[in-house]
Amino acid sequence: SALKLEWLLGKAPALAPRGGAVLDLGSAPGAWLQVVCRKGLGDGRGGAVVGVDLAPFPVPRRHCDGRARAVVGDALRLTPAGVREMVGTQGGATGGGGANAPPSPPLLFFDSVLSDMCHPTTGIASVDVVRSAALAAAAARLAVGREDASDGDSPLALPLGFTTPWPPGDRLLAPVGAFAAKLLDGGAPTAALVASLTPFFARVRLLRPPATRTASREVYIVGEGFVV
């Protein structure tokens with residue numbers, strides 16, 4: 001998992017900007033969190049890293065300090081306001097580095113939103129593809145807001161099973177920010193998600209890290225240069 005993120009960062013460095021704020025969804029057991037801490041917090045100046053998962057997990061001690069934290073939440077039910085409430089007004093609460101880490105500024109937006117979320121597979125390709133697209137869409141909705149949610153055919157719209165609406169336009173991603181989410185490449189759902197995200201970014205592409213198993217359909221949808 002860490003190797004895949006390292007490769008993605010080589011293709012899209014904005015996913016872990018130096019001194020930026022990064023939200024990592026599906027973060028347990030913390031491999032991506034550790035990579036982001038090393039890349040984004042390495043110079044000791046500014047930055048905040050927040051990992052979210054369904055169950056509690058510890059912040060990795062290596063590379064992470066008090067600017068990194070882990071919180072419990074369900075991305076299918078979270079709202080941007082809910083994420084801000086969970087992390088508080090300070091991005092750098094207790095993390096692997098202890099109390100001596102520099103404080104973070106008030107955290108209202110993130111420079112990057114990442115999702116390595118996955119669901120238990122059923123072995124039925126059509127079902128697994130739709131479920132993975134739903135998780136990626138949940139991450140995308142948190143990142144870019146719900147401007148297109150009135151379109152019932154959009155993967156970012158409520159009909160895919162999202163039960164928590166929020167005010168149109170509310171989002172977590174800062175201007176020119178970056179986004180990446182894992183999904184299973186499956187034709188129409190994947191193409192629809194790419195089409196839904198394209199208006200929000202200067203560049204949207206599907207990337208497949210070399211560390212991915214040959215038989216796997218796993219890819220990452222990556223958006224760079226968020227357009228508000």
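If you're wondering where the values come from, they're calculated on a predicted model, not measured in any experiment.
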- Message: Show the nearest heavy-atom pair for residues Phe226 and Ala174, with the distance to one decimal.
- Response: CD2-O, 3.3 Å
- Same hydrophobic cluster for Val113 and Val83, using side-chain heavy-atom links shorter than 4.5 Å among ILVMFWY? yes
- Which atom of Val72 lies closest to which atom of Met86, heavy atoms considered: O-SD, 3.2 Å
- Item | Heavy-atom donor-acceptor pair, Arg84 side chain to Leu108 backbone, under 3.5 Å | yes
- CA sep, side-chain torsions, deciding dist, call: Arg131, Thr122, side-chain contact (heavy atoms from CB on, under 4.5 Å): CA-CA 10 Å; Arg131 288 184 176 179; Thr122 66; 3.3 Å; yes
- Note on the structure: Partner of Phe200 under side-chain contact (heavy atoms from CB on, under 4.5 Å), picked from Val227, Val144, Leu173, is Val144
- Message: So if I apply the side-chain contact (heavy atoms from CB on, under 4.5 Å) rule between Leu172 and each of Val50, Leu78, Leu142, which one comes out positive?
- Response: Leu142
- Query: What distance separates Arg203 CZ from Leu197 CG, expressed to the nearest 0.5 Å?
  - Reply: 15.0 Å
- Item | All side chain to side chain contact (heavy atoms under 4.5 Å, CB included) counterparts of Pro17, not counting sequence neighbours | Val22, Asp111, Ser112
- Task: Quick one: pull up OG in Ser132 and NE2 in His119 and give me the separation to the nearest 0.5 Å.
- Result: 5.0 Å
- Distance in Å, Leu183 CG paired with Glu218 CD, rounded so as to fall on 0.5 Å steps: 9.0 Å
- Message: Could you measure the distance from the OG atom of Ser115 to the CD1 atom of Ile221? Nearest 0.5 Å is fine.
- Response: 11.0 Å
- Message: I'd like to know if the side chain of Arg69 reaches the main chain of Val87, judged simply by a donor and an acceptor atom lying under 3.5 Å from each other, with no hydrogens or angles considered.
- Response: yes
- Task: Mind checking side chain to side chain contact (heavy atoms under 4.5 Å, CB included) for Ala178 and listing every partner two or more places apart, or none if nothing turns up?
- Result: Ala14, Leu15
- Message: With a 4.5 Å cut-off on side-chain heavy-atom distances among I, L, V, M, F, W and Y, is there a chain of contacts connecting Val130 to Leu184?
- Response: no
- State whether a side-chain donor-acceptor pair under 3.5 Å links Ser27 with Asp53. no
- Item | Test log, rule side-chain contact (heavy atoms from CB on, under 4.5 Å), inputs Leu135 and Leu76 | CA-CA 7 Å; Leu135 288 177; Leu76 292 179; 4.2 Å; yes
- Could you list the residues that satisfy salt bridge (Lys or Arg N to Asp or Glu O under 4.0 Å) with Arg205, not counting sequence neighbours? Glu224
- Message: When you group the ILVMFWY residues by side-chain heavy-atom contacts below 4.5 Å and let the links chain together, are Phe109 and Val176 in the same group?
- Response: no
- Residue among Leu8, Leu25, Val36, Leu23 satisfying side-chain contact (heavy atoms from CB on, under 4.5 Å) with Leu114: Val36
- Item | Pair listing, side chain to side chain donor-acceptor pair (under 3.5 Å) test, anchored in residues 206-216, at least two apart | none
- Could you tell me which residues satisfy salt bridge (Lys or Arg N to Asp or Glu O under 4.0 Å) with Asp116, sequence neighbours excluded, listed by chain and number? Lys182
- Exercise: identify the closest heavy-atom pair between Ala133 and Leu193: O-CD2, 4.4 Å
- Minimum-distance pair of heavy atoms, taken over all atoms of Arg217 and Ala125: NH1-CB, 3.3 Å
- Item | Exercise: identify the closest heavy-atom pair between Val59 and Cys64 | CG1-CB, 3.7 Å
- Query: What residues form a side chain to side chain contact (heavy atoms under 4.5 Å, CB included) with Asp185, not counting sequence neighbours?
  - Reply: Thr190, Val219
- One should read off an interatomic distance between Ser1 OG and Trp32 CH2, to the nearest 0.5 angstrom, of 6.0 Å
- Output yes when a side-chain donor or acceptor of Arg67 lies under 3.5 Å from a complementary backbone atom of Leu41, and no otherwise. yes
- Message: For Val35, is there any backbone N or O sitting under 3.5 Å from a side-chain donor or acceptor partner on His63?
- Response: no
- Task: Verify, without hydrogens or angle tests, whether Arg18 (side chain) and Lys39 (backbone) share a donor-acceptor contact under 3.5 angstrom.
- Result: yes
- Over all heavy atoms of both residues, which pair between Ala143 and Phe179 is shortest? Give the atoms and the distance, please. CB-CD1, 3.9 Å
